[in-house]
S.K.: 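Can you read through this structure? Questions will come right after.
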2 protein chains.
Amino acid sequence: MSEEKENIQFELTDELIEQVEQLIETKNDKELQQLLKGFHYADIAEILDEVNLEEAMYVIKLLDSETTSDVLMELDEDNREKVLKNLSAKEIAEEIEELDTDDAADIIAELPEERQQEVISQILDEEHKAEITELLAYDEDTAGGLMAKELVKVFETWTVAGCLRRIRGQAKDVRRVHSIYVVNKQNKLIGRLSLKDLIVAKSDQKIADIYIKSVDYVKVDEDVEEVARVMQKYDLEAIPVVDEDMVLLGRITIDDIVDVIRDEADKDYQMAAGISRDVEADDSIWKLTIARLPWLLIGMFGGLGAASIIEHFNQSMGSFIVLLSFVPLIQATAGNVGVQSSAIVVQGLANDSVDGNILKRLFKEFILGLVNGFAIALIGLGITHFVFGTPYIVSITIAIALVAVIIMAALIGTFIPIFLDKRGIDPAVATGPFITTSNDVFGILTYFLIAKLILGF
Amino acid sequence: MSEEKENIQFELTDELIEQVEQLIETKNDKELQQLLKGFHYADIAEILDEVNLEEAMYVIKLLDSETTSDVLMELDEDNREKVLKNLSAKEIAEEIEELDTDDAADIIAELPEERQQEVISQILDEEHKAEITELLAYDEDTAGGLMAKELVKVFETWTVAGCLRRIRGQAKDVRRVHSIYVVNKQNKLIGRLSLKDLIVAKSDQKIADIYIKSVDYVKVDEDVEEVARVMQKYDLEAIPVVDEDMVLLGRITIDDIVDVIRDEADKDYQMAAGISRDVEADDSIWKLTIARLPWLLIGMFGGLGAASIIEHFNQSMGSFIVLLSFVPLIQATAGNVGVQSSAIVVQGLANDSVDGNILKRLFKEFILGLVNGFAIALIGLGITHFVFGTPYIVSITIAIALVAVIIMAALIGTFIPIFLDKRGIDPAVATGPFITTSNDVFGILTYFLIAKLILGF
């Protein structure tokens, strides 16, 4: 490897892709290997995500097995699925042998069920096979589904010198040694050590005398979001996973948690925007439609509900037909306030900065709605009367309706996420179109009811 | 420390807070110290975030300086500001001495400018002082603003044995040893080593013979979001920071990156929800109003724009007044589609999965709008005609308008973020109320124009 190989300088250009495609077409294996050797596997995966399946398969067959397995892990999920379809069970098993147990289990879990057993039976390393089979049994949303079996573990009875000797063996299988976990005879987690501690200690000391008894851990059935919260809060880079009896089962590293955090944030963002499935910009039209249409339908039914409210009041409105012109104003305001309120509550619930006290929270939103409402209403009053020339009484009606609608929207936007959270439903589903739609309908209803009351039609 | 001290089991209960408050009131220092000793500093910070300032100050003065400095770092920003106001420059300097350089610089940067110099001048450790002063000079959104000076560095000329001896000294200042950075005589980064490599090597080997030449790094003026992207892509747990001449300046660890990712996600989510500043659910009414009112005003002007469009068409509409009832339907649909389209593009831009090809992207959204539009229009046609009893020609008008509005909203929602991104503006500002508002206005205008064309009023 040359000194020039600095990953951050990698840039995926059209020229580079063309160059790769050219080398594949002319079957110039030597130069292609030379070129790809200079790239990180994550970069090679980016290139393969851009070329067609046939070309990707060509490159995958060309690369050595260790690189291929890492590249496979980094491929876009859809592309990985296609590539795996084109590999035999034996070929997949060979890739699996090169991977850490957590990645290996993830790949196998993505396969169709009938292929899973076929691939597992082809894994030659019996220990690896047993560990992967164990991991496949855990729910993917739990600590067990995220952990790897690779870790460095020492018994409290060992000496520092013996420990270092044995760690040299264990560490070969572990990409990065974060912590050394100390266990007792029953394999139960009793503490931890860092490599640093071990280096600083005298070689004839017993592990029992130098290990740190305070150790964070998670139970194997803990929810991944909770694991992410704990690792973030305590700035942990790895955490051991234990069963009910404190027996050490595996460890979770922070890079997997980074992915969990990113996925969670993406999901919440998409839900707030009214997209119901995990989709990406380059997914198929069909997949995007399935993800987007449900919310549009909910919005449509809201719009039709609003239409029937307007139809109802329209019959008796008479000369106050001008009220209809300001329906979009009411609707937009109700929608915006609702989304703002719910977003703050949803984030607060996620960060634990909103406690369960609904009444306190609603009161605060009430005051906030009152303040925002008066500001908006005053400006609205001035503009409708002086710019649009609506009669004073109509402008006042609109202003009062704005205050009422803003307060109502703030309360609905706050109440729904807290209510859902208490029921154990992810409050993020409540933001976006769902709250916008209910606020549209209730906002317009409130508007006409207030107008009827003041104007007496 | 007892074996029972497991952080994950910490729970912030009302009883616990009451107990702490009780111990403070009765000045039962011994029991209070005993109680808090069992908690992680991040847990103590959570407790102090819940009690009043006077009580928090009492606890802070009681704890030893090392714990206090860690607790300070974990406090809610507003509370930390209040606590720091109540400490003398000398007291703050004492806390700073206990902190890593990156945290120390962050705390000082939060102080009012006149106090910053005062605190710095009170730091006794001259090296620490110089390093903090250096860090304060970097922009907080760059690698320099995020890095710490603490790292383990070895010269290529050292032997493994000499290296281990010296690392024992350096490692004392470093909480976690991720990588050992190898530099040449000019202090330029030339490679890396892991502790594992060092342990596995023979003690008389030269570093020059065993170090890994391939090393990732970032330039000191690199944007933090780019640093986060690189560390995620390559699964790095620490990355060295260098200047233009490759001189090693510091290192960034993954736990700081986790905070960057979380902050970015929170910011994007809030922007999509129309909240213009970084606020939290427990901020003051005033701060929340300032964050929320601007978007409500933009929404209001959109609503007023829609009102003038309706007023305009209303005059000639005659018997087609029923069209007004379906304005909320048009508006809600345009808003929802716009938010969906922009959210997907914004995320795609953030993940680099949307390349700069605007036309290709717009074409895809056009097709998507056509598919979604026809589905919504067909259902809309049926319901308006058969349920609402609107005349056939009006229902057809609404259906055609729905298709047109959905396509238009999808195109606007896609175009604006890509356009802003090309101009170097964060595309996340485009989602939420901004796009909703422009889609409201253009959607209603499109609706009436199509109606005028078909119905000929």
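As the structure is a prediction and not an experimental result, all values here were calculated from the model. Residue numbers start from 1 in every chain, and the chains themselves are labelled A, B, ... in the order their sequence lines are given, proteins ahead of strands.
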S.K.: Of the backbone (N, CA, C, O) and the side chain (C-beta and beyond), which part of Val387(A) lies under 4.5 Å from a heavy atom of chain B, both, or neither?
M.R.: neither

S.K.: So, applying side chain to side chain contact (heavy atoms under 4.5 Å, CB included) with Pro328(B), which one of Ile444(A), Ile309(A), Leu304(A) is it?
M.R.: Ile444(A)

S.K.: Below 4.5 Å from any heavy atom of chain B, which atoms of Gln340(A) appear? Answer side chain, backbone, both or neither.
M.R.: both

S.K.: Judged by atom type as modelled, is there a donor-acceptor pair below 3.5 Å linking the side chain of Gln232(A) to the main-chain atoms of Val258(B)?
M.R.: no

S.K.: Of the backbone (N, CA, C, O) and the side chain (C-beta and beyond), which part of Ile261(A) lies under 4.5 Å from a heavy atom of chain B, both, or neither?
M.R.: side chain

S.K.: Examine whether an atom of Leu296(A) lies under 4.5 Å from a heavy atom of chain B, and if so say whether it belongs to the side chain, the backbone or both; otherwise answer neither.
M.R.: both

S.K.: Non-hydrogen atoms of chain B under 4.5 Å away: do they reach the side chain of Leu198(A), the backbone, both or neither?
M.R.: neither

S.K.: Which of the residues Thr436(A), Ile310(A), Leu368(A) is involved in the greatest number of heavy-atom pairs with chain B at under 4.5 angstrom?
M.R.: Leu368(A)

S.K.: Does any backbone or side-chain atom of Val337(A) lie under 4.5 Å from a heavy atom of chain B? Answer side chain, backbone, both or neither.
M.R.: both

S.K.: Of the non-hydrogen atoms in Gly299(B) and Ala332(A), which two are nearest, and what is the gap between them?
M.R.: O-CB, 4.1 Å

S.K.: Between Thr333(A), Leu12(A), Ile254(A), which residue shows the highest count of heavy-atom pairs closer than 4.5 Å to chain B?
M.R.: Ile254(A)

S.K.: Let me see the working for His40(A) and Asp235(B) under side-chain contact (heavy atoms from CB on, under 4.5 Å), right down to the final yes or no.
M.R.: CA-CA 11 Å; His40(A) 188 278; Asp235(B) 279 348; over 6 Å; no

S.K.: Could you list the residues that satisfy side-chain hydrogen bond (donor to acceptor under 3.5 Å, both in side chains) with Asn336(A), not counting sequence neighbours?
M.R.: none

S.K.: Can you tell me which residue pairs pass the side-chain hydrogen bond (donor to acceptor under 3.5 Å, both in side chains) test with a partner in residues 297-314 of chain B, sequence neighbours excluded?
M.R.: Ser325(A)-Glu311(B)

S.K.: Side chain from CB out, backbone as N, CA, C, O: work out which of these in Thr414(A) comes under 4.5 Å of a heavy atom of chain B, or both, or neither.
M.R.: neither

S.K.: Let me know if Glu365(A) has heavy atoms under 4.5 Å from chain B in its side chain, its backbone, both or neither.
M.R.: side chain

S.K.: Let me know if Asn372(A) has heavy atoms under 4.5 Å from chain B in its side chain, its backbone, both or neither.
M.R.: both

S.K.: Let me know if Ala375(B) has heavy atoms under 4.5 Å from chain A in its side chain, its backbone, both or neither.
M.R.: side chain

